[in-house]
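To start, the structure under review is shown below, and the notes come after it.
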Amino acid sequence: MRHRGIKGWIACAVGVFAALGAGGCAAPRVNTTMLTTADVVRMTDQMSASLNASPEIASRTPDSPRWVFTMDRVANRTEHLLDDSEKWGIMARFRVRLTASNVARDRAVAFVLPAAEWERYAREFYDPAQARLRPTHALRAEFRSDTRSAIGSRADAYLCAFQLLDLETGRIVWEDAYETKYRVLRNSFD
């Protein structure tokens with residue numbers, strides 16, 4: 001009898017310590033005004049829908065002269081660090097959303113890697129200068145923020161602007177932007 005009681009007590013103690021330990025070891029809540037994954041999803045979904053609905057794209061047919069899009073520039077002008085993988089990850093999702101919408105097939109659009117990326121990957125298999133399609137248009141993005149900081153709070157307003165440029169004429173064929181704001185109250189740990 002006593003043996004079962006000790007096992008029960010040990011099991012109970014282990015459960016209590018595990019529960020306390022899990023709560024005590026949890027990551028602290030971080031107050032941040034940075035763009036979130038949900039923002040990236042909303043942003044790329046909205047921008048791909050906007051580009052597809054633009055008169056320049058919507059009026060094209062499968063028989064239109066082929067446009068070749070490259071994504072050659074993405075600039076971060078915010079106060080938050082976005083490394084290259086994050087910036088180009090946003091652009092990759094944008095391209096994937098466009099591809100999923102059948103813009104390539106229905107609107108006679110092709111996508112190519114930026115020149116530097118193509119040369120890096122193609123060098124093994126092709127003569128990079130001869131095999132790559134020549135881009136006719138460039139999709140570009142620029143991320144900006146306006147930060148307001150005070151003792152008790154911080155607020156960031158983001159403008160994530162996208163453009164499609166005709167590389168022959170320099171004309172902006174399409175542009176749109178995603179905007180969002182974040183505000184956090186500071187505590188003694190910030």
Side-chain angles (χ1 to χ4, degrees), residues 34-146 156-182:
M34 293 177 67
L35 291 172
T36 66
T37 302
D39 288 313
V40 171
V41 170
R42 276 191 302 273
M43 175 191 331
T44 53
D45 286 352
Q46 285 177 15
M47 293 302 101
S48 62
S50 172
L51 179 58
N52 280 328
S54 71
E56 293 80 4
I57 297 295
S59 65
R60 295 178 54 78
T61 69
D63 299 324
S64 296
R66 180 172 57 187
W67 282 2
V68 180
F69 290 3
T70 187
M71 294 181 167
D72 63 350
R73 287 190 201 148
V74 56
N76 178 26
R77 309 251 189 268
T78 71
E79 288 192 13
H80 297 289
L81 178 65
L82 283 174
D83 65 27
D84 282 346
S85 66
E86 290 172 301
K87 291 187 295 189
W88 288 106
I90 292 168
M91 296 304 281
R93 188 172 196 286
F94 184 31
R95 186 189 66 239
V96 166
R97 296 304 303 150
L98 289 170
T99 304
S101 71
N102 294 323
V103 70
R105 185 189 71 223
D106 298 343
R107 306 292 184 226
V109 172
F111 294 91
V112 295
L113 291 171
E117 293 294 308
W118 171 253
E119 288 173 15
R120 190 173 85 193
Y121 291 116
R123 191 171 290 127
E124 291 179 43
F125 307 106
Y126 310 106
D127 174 3
Q130 293 178 357
R132 184 173 184 259
L133 290 174
R134 190 176 145 271
T136 60
H137 293 77
L139 274 169
R140 296 178 176 165
E142 182 174 88
F143 305 107
R144 293 186 174 272
S145 67
D146 181 25
D156 280 286
Y158 289 93
L159 174 70
C160 305
F162 294 81
Q163 293 180 332
L164 176 65
L165 284 86
D166 182 320
L167 292 174
E168 186 176 319
T169 65
R171 183 175 72 93
I172 297 173
V173 176
W174 164 86
E175 68 180 330
D176 202 349
Y178 173 82
E179 296 181 61
T180 191
K181 296 178 184 177
Y182 285 100

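When reading the values below, keep in mind they use all heavy atoms of this one structure, side chains included, and skip hydrogens, waters and symmetry mates.
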Side chain to side chain contact (heavy atoms under 4.5 Å, CB included) between F143 and M43, intermediate numbers included:
CA-CA 12 Å; F143 305 107; M43 175 191 331; 3.8 Å; yes
Give the intermediate values and the outcome of side chain to side chain contact (heavy atoms under 4.5 Å, CB included) for residues F69 and R95.
CA-CA 10 Å; F69 290 3; R95 186 189 66 239; over 6 Å; no
Before giving the answer on side chain to side chain contact (heavy atoms under 4.5 Å, CB included), spell out for F111 and L98 the whole-Å C-alpha distance, their side-chain angles and the decisive distance to 0.1 Å.
CA-CA 10 Å; F111 294 91; L98 289 170; 3.9 Å; yes
Determine, step by step, whether L51 and V103 satisfy the side chain to side chain contact (heavy atoms under 4.5 Å, CB included) criterion, reporting the C-alpha distance in whole Å, the side-chain angles of both residues, the deciding distance to 0.1 Å, and the verdict.
CA-CA 10 Å; L51 179 58; V103 70; over 6 Å; no
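Of the possible polar contacts, one joining the T136 side chain to the V68 backbone as a donor-acceptor pair under 3.5 Å is found. S59 contributes a side-chain N or O that, together with a main-chain N or O of P55, makes up a donor-acceptor pair within less than 3.5 Å.
In R66, the CZ atom is not crowded: 12 or fewer heavy atoms of neighbouring residues, nucleotides or ligands sit closer than 6.0 Å. Remark: R73 CZ is loosely packed, at most 12 non-hydrogen atoms of other residues, nucleotides or ligands lying under 6.0 Å away.
We find that R140 and E142 are not joined by a salt bridge, their nearest charged nitrogen and carboxylate oxygen being 4.0 Å or further apart. Here R60 does not pair with D106 in a salt bridge; the nearest charged N to carboxylate O distance is not below 4.0 Å. A salt bridge links R42 with D39; the closest basic N to acidic carboxylate O contact falls under 4.0 Å.
Closest approach of A177 and A161 over heavy atoms only: CB-CA, 4.0 Å. Residues D176 and S50 share a closest heavy-atom pair of OD2-OG, 2.7 Å. Across all their heavy atoms, W174 and M47 have their closest contact at CZ2-O, 3.7 Å. Closest of all the heavy-atom pairs between A138 and D72 is CB-OD1, 3.6 Å. Of all the heavy atoms in A108 and S64, the pair that sits closest is CB-O, 3.4 Å.
To the nearest 0.5 Å, atoms NE2 (H137) and CD (E168) are separated by 9.0 Å. From L139, atom CG reaches atom CG of L165 across 9.0 Å, with rounding to the nearest 0.5 Å. For the atom pair T70 OG1 and L113 CG, the distance stands at 7.0 Å (nearest 0.5 Å). In this structure, CG on D146 lies 11.0 Å from OH on Y158, to the nearest 0.5 angstrom.
At a threshold of 4.5 Å between non-hydrogen side-chain atoms, the residues I90 and V74 do not count as touching. For the pair W67 and R107, the minimum side-chain heavy-atom distance is 4.5 Å or more. Between R97 and D45 there is a side-chain heavy-atom pair separated by less than 4.5 Å.
In the model, T44 has a side-chain atom that pairs as donor or acceptor with a side-chain atom of R93 under 3.5 Å.
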